[in-house]
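Notes follow once the structure below has been shown.
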Amino acid sequence: MHNPAECGIMIDAATTVDRDDAVWIEPRGDGFDVWIHIARAADHVRTGGPADTEARRRVHTRYRADHTRHMLPAPVVEAASLTPGRPNDTFAVHLHIDAAGRVLDAELGPGRLTRSWIMTHAEAAAASGDPGHPLHGTLALALRFSQTMLAARRNAGALAFYDLLSGFATNEEGQIVRLDSAERNSGYIIVQEFMIAANAQIAAWAVREDLPILFRNHRLAAVAGDPAGLRDEIDAVASSGDGAAFEMLRSRMKMVSRAATYGPTVHGHHGLQLPVYTHATSPLRRYPDLVTQRILLAAALGRPGPYTAEELAETAAHVNASLEAERRAKAEFFKQRAQAETERQMEAADFATLPYKQFARVLQFAVERGDAPAGLAADTARRLDSRELQLREFASVYLYGGDEFAPLRERMNRRLAGEPQQAQSVLNVYLQDRLGGPVSSETNVHWTVEPEPAFEGPLFSAQVALTFGDTRVESPKRLQRNKKDARNQAALALAAALAGLPDLSSDAPAKPRADVQRKLLVDAAVNPAEAVQIYAARGILEGLTWDFAVEGPSHERVFTCRGEGLLRDTGEQVRAEGTGPTKQAAKTAASVELRVLIEAGLALGETGSRSPA
């Protein structure tokens, strides 16, 4: 009989030599017994010694296409790596987890690995589906556990996503990343979910023990929006299979997802939607993991802590600064390389042979510079005709194209009039360019959509306004037989105005009803926020404003919305306040009260003495 507490499978890339984690799982009732073994790197690197000093300077192992620059010296890596065929001392995390993914019990401390196997991600994936493989039972259960934990994280609001077919996934910060071809399988998911579970429970244990370690803290930018909404958008793009949409969403998430940082105090982890998190599972590859392992081992063995509070804070600051400098240098390198390559391709003027991604970069560069080389407009037209031209590039030429693109922009205008459902996406691109980041449907885009009972048959009016900074632009009102068409035509009219092109939007034929007074009260089925907007559009409520405030940590934010305006006829100021976990929930709560105040005035005849403007 094997001892499950001393068994482990190391799942890594085929080229990995620094193996610092192993996993094992056994069924337990309706749940799981899970072990994560972590290499005891701290036993081989003396605090403050030469190897430690160099590891602190390097911060982490760096992988390049032609070489790997290890954080630790080769003899240390060889001695500390988990190796089959020999006993390995480890730091072990033992979890008892129920069928819903809830951790019922966690034990942390020194462990031992005496029976182990090495597998690549692809081999682990294949074994999990092959009943004839000796490790099939364990890996099939590991995959089931990983899927359970992933579902639990998503239910908690985490920006967690894997699309192994397209090769896109989210990292811990909620950013969309491309997976290497060797990682596009369930073996990768197994590793990720086991490590996230281990790091989360190590951090939770440290908090319970009031033990300062290097916690991993993360928050989204305030303009990012509700994580649940972002996750739904990721799922929608995935189901469409649109690679270009993935790339646009990927760029947007990079803009709104701030880099996670290390610190000796807890500030929550927004991307994972966890109250507390750390990095502890890669002590051979990341310096913060090595530092945290030293603290954990000392606490588990009853020894004095290896760092003072000041030393730990200084280490966190050093690591954060080093990683930020590395990110900036990397971004600048790729930016300069991309610009040089773009300029070379523009000079070559052989645009038809360019892969779409390179063509898009050349086109954007030319539009921004306002000087398109000969042949670029013609190739853009060719790609438009073949339906290859994607939204981002279509919108750039449509909105900003210079004289070289004038005939093409006229064609685009006619194309957009024939496909008005695309107009709202063009407005979204326009707003993203103005804001330098994502668009908020609550603060940047304002729709007024309402029935028009003064006309025969069902008829709806729509008007859209965009706000950015102190600027507000709005469409004319458009009438159509349904709300969707009315919105599309209003967006089409505004897009044409922003592009300086002829307005090809239209209204549906409308015949006024005889002797029908326009109804003042909004139908009760209309949601409160929309109803308040309709009253404002009718002139019953003047000067409507919405103000938002937010309190609480990034993973438990509470939004407050205050709405107010002036009842037209009486000059009475009405205001209301609501709170909720998202901006939209807070706005809805405030709108419920504000609607009551407006309609109470209407019922008393205070605001209905004159016909609406």
Side-chain angles (χ1 to χ4, degrees), residues 5-6 8 10 12 16-23 35-61 70-83 86-94 106-114 116 194-195 198-207 209-216 262-264 277-316 318-319 322-323:
E6 296 187 1
M10 286 87 83
D12 290 290
T16 298
V17 296
D18 43 1
R19 303 184 187 278
D20 47 17
D21 56 71
V23 302
W35 289 266
I36 300 98
H37 288 275
I38 305 168
R40 286 265 286 273
D43 291 348
H44 302 269
V45 184
R46 179 172 59 85
T47 304
D52 182 51
T53 300
E54 182 62 16
R56 186 180 189 276
R57 187 183 70 80
R58 295 189 175 194
V59 176
H60 62 95
T61 294
H70 290 280
M71 181 182 77
L72 293 169
V76 173
V77 171
E78 183 179 354
S81 289
L82 302 179
T83 305
R86 75 179 188 193
N88 298 270
D89 289 329
T90 67
F91 184 84
V93 180
H94 177 204
E107 299 175 0
L108 286 73
R112 193 165 174 79
L113 192 64
T114 59
S116 57
F194 270 80
M195 296 308 117
N199 285 322
Q201 290 307 309
I202 288 171
W205 181 84
V207 170
E209 297 295 318
D210 197 20
L211 182 68
I213 59 173
L214 288 182
F215 295 103
R216 185 76 167 159
Y262 295 100
Y277 194 65
T278 190
H279 276 171
T281 55
S282 293
L284 294 175
R285 313 179 200 188
R286 290 187 303 232
Y287 192 69
D289 301 48
L290 176 60
V291 169
T292 290
Q293 186 178 92
R294 287 172 173 150
I295 299 169
L296 294 171
L297 278 171
L301 297 172
R303 298 172 181 167
Y307 301 96
T308 66
E310 292 76 16
E311 289 171 336
L312 195 59
E314 195 278 330
T315 297
H318 163 74
V319 171
S322 298
L323 293 176

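All values reported here derive from a predicted model rather than from experimental measurement. Any value given below was found using the heavy atoms of this structure, including those in side chains, with hydrogens, waters and symmetry copies removed. Sequence positions, counted from 1, serve as the residue numbers for this chain.
- Atoms CG and CD1, on Asp21 and Ile38 in that order, are 7.5 Å from each other to the nearest 0.5 Å.
- Heavy-atom minimum distance, Thr281 versus Ala198: CG2-CB, 4.0 Å.
- Note: His37 NE2 to Glu6 CD = 7.5 Å, rounded to the nearest 0.5 Å.
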task = Could you go through the side-chain contact (heavy atoms from CB on, under 4.5 Å) check for Val77 and Met71 one step at a time?
result = CA-CA 9 Å; Val77 171; Met71 181 182 77; over 6 Å; no
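- Across Ala39 and Leu82, no two heavy atoms sit closer than the pair CA-CD2, 3.9 Å.
- Take Ala80 and apply the side chain to side chain contact (heavy atoms under 4.5 Å, CB included) test, not counting sequence neighbours, and it matches His44, Leu284.
- Applying the side chain to side chain contact (heavy atoms under 4.5 Å, CB included) rule to His60 yields the partners Arg62, Arg286, Leu323, Glu326; only residues at least two apart in sequence or on another chain are considered.
- The CD1 atom of Ile202 lies 11.5 Å from the CG atom of Leu211; values are rounded to the nearest 0.5 Å.
- Residues passing the salt bridge (charged side-chain N to carboxylate O under 4.0 Å, His left out) test with Asp12 are Arg19, Arg285, sequence neighbours excluded.
- In terms of heavy-atom proximity, Ala203 sits nearest to Thr278 at CB-N, 3.8 Å.
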ask   = What do the steps show when you test Thr47 against Arg294 for side-chain contact (heavy atoms from CB on, under 4.5 Å), and what is the final call?
value = CA-CA 9 Å; Thr47 304; Arg294 287 172 173 150; 3.2 Å; yes
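- Tyr287 OH to Arg56 CZ: the interatomic distance, rounded to the nearest 0.5 Å, is 6.0 Å.
- Between Ser81 and Asn88, the shortest heavy-atom distance links the atoms O-OD1, 3.5 Å.
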request  = Decide side-chain contact (heavy atoms from CB on, under 4.5 Å) for Gln293 and Asp20; before the verdict, give the C-alpha distance in whole Å, the side-chain angles of both, and the deciding distance to 0.1 Å.
outcome  = CA-CA 12 Å; Gln293 186 178 92; Asp20 47 17; over 6 Å; no
query = So Val76 and His70, side-chain contact (heavy atoms from CB on, under 4.5 Å) or not? Walk me through it.
reply = CA-CA 10 Å; Val76 173; His70 290 280; over 6 Å; no
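- Tyr262 and His279 have perpendicular rings, their planes meeting at more than 60° on a 0 to 90° scale where under 30° would count as parallel.
- Annotation for Gly263 and Ala316: closest pair CA-CB, 3.9 Å, computed over non-hydrogen atoms.
- Of all heavy-atom pairs between Pro306 and Glu311, the closest is O-OE1, 4.0 Å.
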query = Where do Arg86 and Glu78 land on the salt bridge (Lys or Arg N to Asp or Glu O under 4.0 Å) test, with the steps shown first?
reply = CA-CA 13 Å; Arg86 75 179 188 193; Glu78 183 179 354; over 6 Å; no
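- A 4.5 Å side-chain heavy-atom check between Val59 and His318 finds at least one atom pair inside the cut-off.
- Within the 4.5 Å cutoff, side-chain heavy atoms of Val291 are placed close to those of Leu312.
- Taken to the nearest 0.5 Å, the CG atom of Leu113 stands 12.5 Å off from the CZ atom of Arg40.
- Expressed to the nearest 0.5 Å, how far CG of Leu290 lies from CD1 of Ile295 amounts to 10.0 Å.
- For Phe194, the ring-ring contact (aromatic ring centres under 6.0 Å, His included) partners two or more places apart in sequence, or in a different chain, are Phe145.
- Evaluation of the side chain to side chain contact (heavy atoms under 4.5 Å, CB included) rule for Arg46 yields Pro50 as partners, not counting sequence neighbours.
- For Arg57, the side chain to side chain contact (heavy atoms under 4.5 Å, CB included) criterion is met by Glu54, Arg69, not counting sequence neighbours.
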